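Small disclaimer: the values here were computed from a predicted structure and weren't measured. In what follows, every chain begins at residue 1, and chains take the letters A, B, ... in the order their sequences are listed.
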Protein chains: 2
Amino acid sequence: MVRQTKENAELTRQRIIDAARQVFLARGVSRTSMEQIATAAGVTRGAVYWHFSNKTELFSVMREQVFLPLIDRMDDNLQLENNEDPLTQIENFLNGTIQALNESSATRETYEIMMIKCEYVEEFSEVLRQILNNCDGIIQKLEQLYQRAKNKRQLRASQDPEQLALDTHLFFSGLLHMWVKDIDGSHFRKRTHSLIANHIDLRRN
Amino acid sequence: MVRQTKENAELTRQRIIDAARQVFLARGVSRTSMEQIATAAGVTRGAVYWHFSNKTELFSVMREQVFLPLIDRMDDNLQLENNEDPLTQIENFLNGTIQALNESSATRETYEIMMIKCEYVEEFSEVLRQILNNCDGIIQKLEQLYQRAKNKRQLRASQDPEQLALDTHLFFSGLLHMWVKDIDGSHFRKRTHSLIANHIDLRRN
DNA sequence: TTGCTTACATACAAATATGAATGTATATTA
DNA sequence: TAATATACATTCATATTTGTATGTAAGCAA
């Protein structure tokens, strides 16, 4: 088979991305060779290089396929116009992210690759900066929501929205890391819901 | 120079470990070759292979040089016999760990390597399990301290020591990650102290 | 239908890495 | 002080990986 139709080529491209995710997950990004990805996708390196100029680009595409939609969802979920009560809105946002991990293996695997199967050096340190920037956005939105909660007297007195937002972000950042590392689910995965509820409850008036 | 005295050999060994840390930090563990480590240490690969059987062993030794003392310090700091008030004890423990990062570049660099310059696959997944186990120990001790705090009526009513311990652990886990990633210090490093104080304050009666 | 392009496969050259084997001069020990 | 073990350096054989270059059959446009 030498020349595919356009749609088939698109399928091949996606198969390569999926294969890359599998191999990255199993062997780590650095140890993964283009040959291994090609084999896993059922093509040769020629095909991989035709679709992607190198491993870094392939990694970026894989990452963006999962993260761009995720960021959109976050933006939706953290909208200020939402008329739910702010604290519940935050809780829903946190739960929603965990739900995305539970429901989509591509999302789950990509998170795992990015957290414990990737070394952030050279070309990859750019990715780190993007992550940091994304964090900033989330923190800002959390702060605004906490501010609204404060205005509505939902918070116990003397709580600073900025500090609460940072605390929540760090909590959730830690939770995601533990969720990913806790592969067998015994420690954290099963308790996520109550951990989040408790975290929010600490703030409630 | 062909045969060193025992003490000199020990110095060489330590130079190799320090060199490995530098190269791991700059290039990531996977991309680092024994040759690069040797060059950085001012020896040849022969010397490196003489002291360490392979890169994995060298990595483990580097890690343990920093983490074993650190775990000891944690154990000391979280002792129940300490007669300080429990919440302050937790706060001191958290601040102490951050202080260790600030004061020792070896500690700081090793943390950074382990968090964003290492891929936890194959031989390295064992390390992940060790980390998880260590976390369990910390969580348990935090829980006991929160229990003592509760007995002393330091906590606001209806707070569960186990949940508080988990929340604190996740907060601190996230903080360490952000601390490491936030290289230029603009986002988190400078505010660590107040973040910790605020986290503990949320619990105080 | 012809001719150009596409979507790959195959082949090639260069670089890099590893572990082990071997060499060797000096510490150390008996 | 002779024998041996140590602390390396040097050499070697063997993989692996990468990017590119080239080949090729089939799709597609004119």
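- In this structure, the nucleotide among D:dA7, D:dT18, C:dC8 sitting nearest to the side chain of A:Ala47 is C:dC8.
- Listed candidates were C:dA9, D:dC28, D:dC8. Nearest to the side chain of A:Val43 is C:dA9.
- The side chain of A:Tyr49 lies closest to D:dG19 when the candidates are D:dG19, D:dA9, C:dC8.
- Counting any heavy atom pair closer than 4.0 Å across all strands shown, A:Glu7 reaches no nucleic acid atom.
- In the set C:dA17, D:dT17, D:dT18, the nucleotide with an atom closest to the side chain of A:Gln36 is D:dT17.
- In the set D:dC8, D:dA7, C:dC8, D:dC8 carries the atom at the smallest distance from any side-chain atom of B:His51.
- For A:Phe52 and C:dC8, the CZ to P distance is 11 Å, given to the nearest whole Å.
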Listing, residues 162-179 of chain B side-chain donor-acceptor contacts under 3.5 Å, not counting sequence neighbours, or none:
unit_1   : atom_1 : unit_2   : atom_2 : d
B:Glu162 : OE2    : A:Arg191 : NH1    : 3.3
B:Glu162 : OE2    : A:Arg191 : NH2    : 2.6
B:Asp167 : OD1    : A:His199 : ND1    : 2.8
B:Asp167 : OD2    : B:Arg203 : NH2    : 2.7
B:Thr168 : OG1    : B:Tyr146 : OH     : 2.6
B:Thr168 : OG1    : B:Leu164 : O      : 3.1
B:Thr168 : OG1    : B:His199 : NE2    : 2.9
B:Thr168 : OG1    : B:Arg203 : NH2    : 3.4

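- Under 4.0 Å is where a charged nitrogen must lie from a carboxylate oxygen, and between B:Arg148 and B:Glu84 no such pair does.
- We find that B:Asp76 and B:Arg73 are not joined by a salt bridge, their nearest charged nitrogen and carboxylate oxygen being 4.0 Å or further apart.
- Picking from C:dA9, C:dA7, C:dT18 the nucleotide with the shortest atom distance to the side chain of A:Thr44 gives C:dA9.
- To the nearest angstrom, P of C:dC8 lies 8 Å from CG of A:Asn8.
- With rounding to the nearest 0.5 Å, the separation of OG in B:Ser105 from CD in B:Glu112 is 11.5 Å.
- Sorted by residue number, the members of residues 20-35 of chain B with any non-hydrogen atom under 4.0 Å from DNA chain C read B:Ser33, B:Met34.
- A donor-acceptor pair shorter than 3.5 Å can be found between the side chains of A:Asp85 and A:Thr88.
- Distance NZ (B:Lys55) to P (C:dA17): 9 Å, rounded to an integer number of Å.
- The distance between atom CD of B:Gln4 and atom P of C:dT24, rounded to the nearest whole Å, is 19 Å.
- Of the candidates C:dA27, D:dA7, C:dA7, the closest approach to any side-chain atom of B:Trp50 belongs to D:dA7.
- Here the side chain of A:Arg204 pairs no donor or acceptor atom with the backbone of A:Arg156 at under 3.5 angstrom.
- In this structure, the CD atom of B:Glu57 is 15 Å from the P atom of C:dT18, given to the nearest Å.
- Residue A:Thr12 is classed as a sugar-phosphate contact, given heavy-atom separations below 4.0 Å to backbone atoms only.
- In this structure, B:Arg63 satisfies the cation-pi test against B:Phe67, with its NZ or CZ atom closer than 6.0 Å to the six-membered ring centre and inside 45 degrees of the ring normal.
- Nearest-nucleotide assignment on DNA chain C puts the 5′-proximal partner with A:Ala9, out of B:Asn54 and A:Ala9.
- When rounded to the nearest whole Å, the span between CD of B:Glu123 and P of C:dT18 equals 12 Å.
- Under a 4.0 Å N-O distance rule, the pair B:Lys117/A:Glu119 does not qualify as a salt bridge.
- Residue A:Thr5 has no polar side-chain atom (N or O) positioned under 4.0 Å from OP1 or OP2 of C:dA7.
- A:Arg45 places its CZ atom 10 Å from the C1' atom of C:dA11, with the value rounded to the nearest Å.
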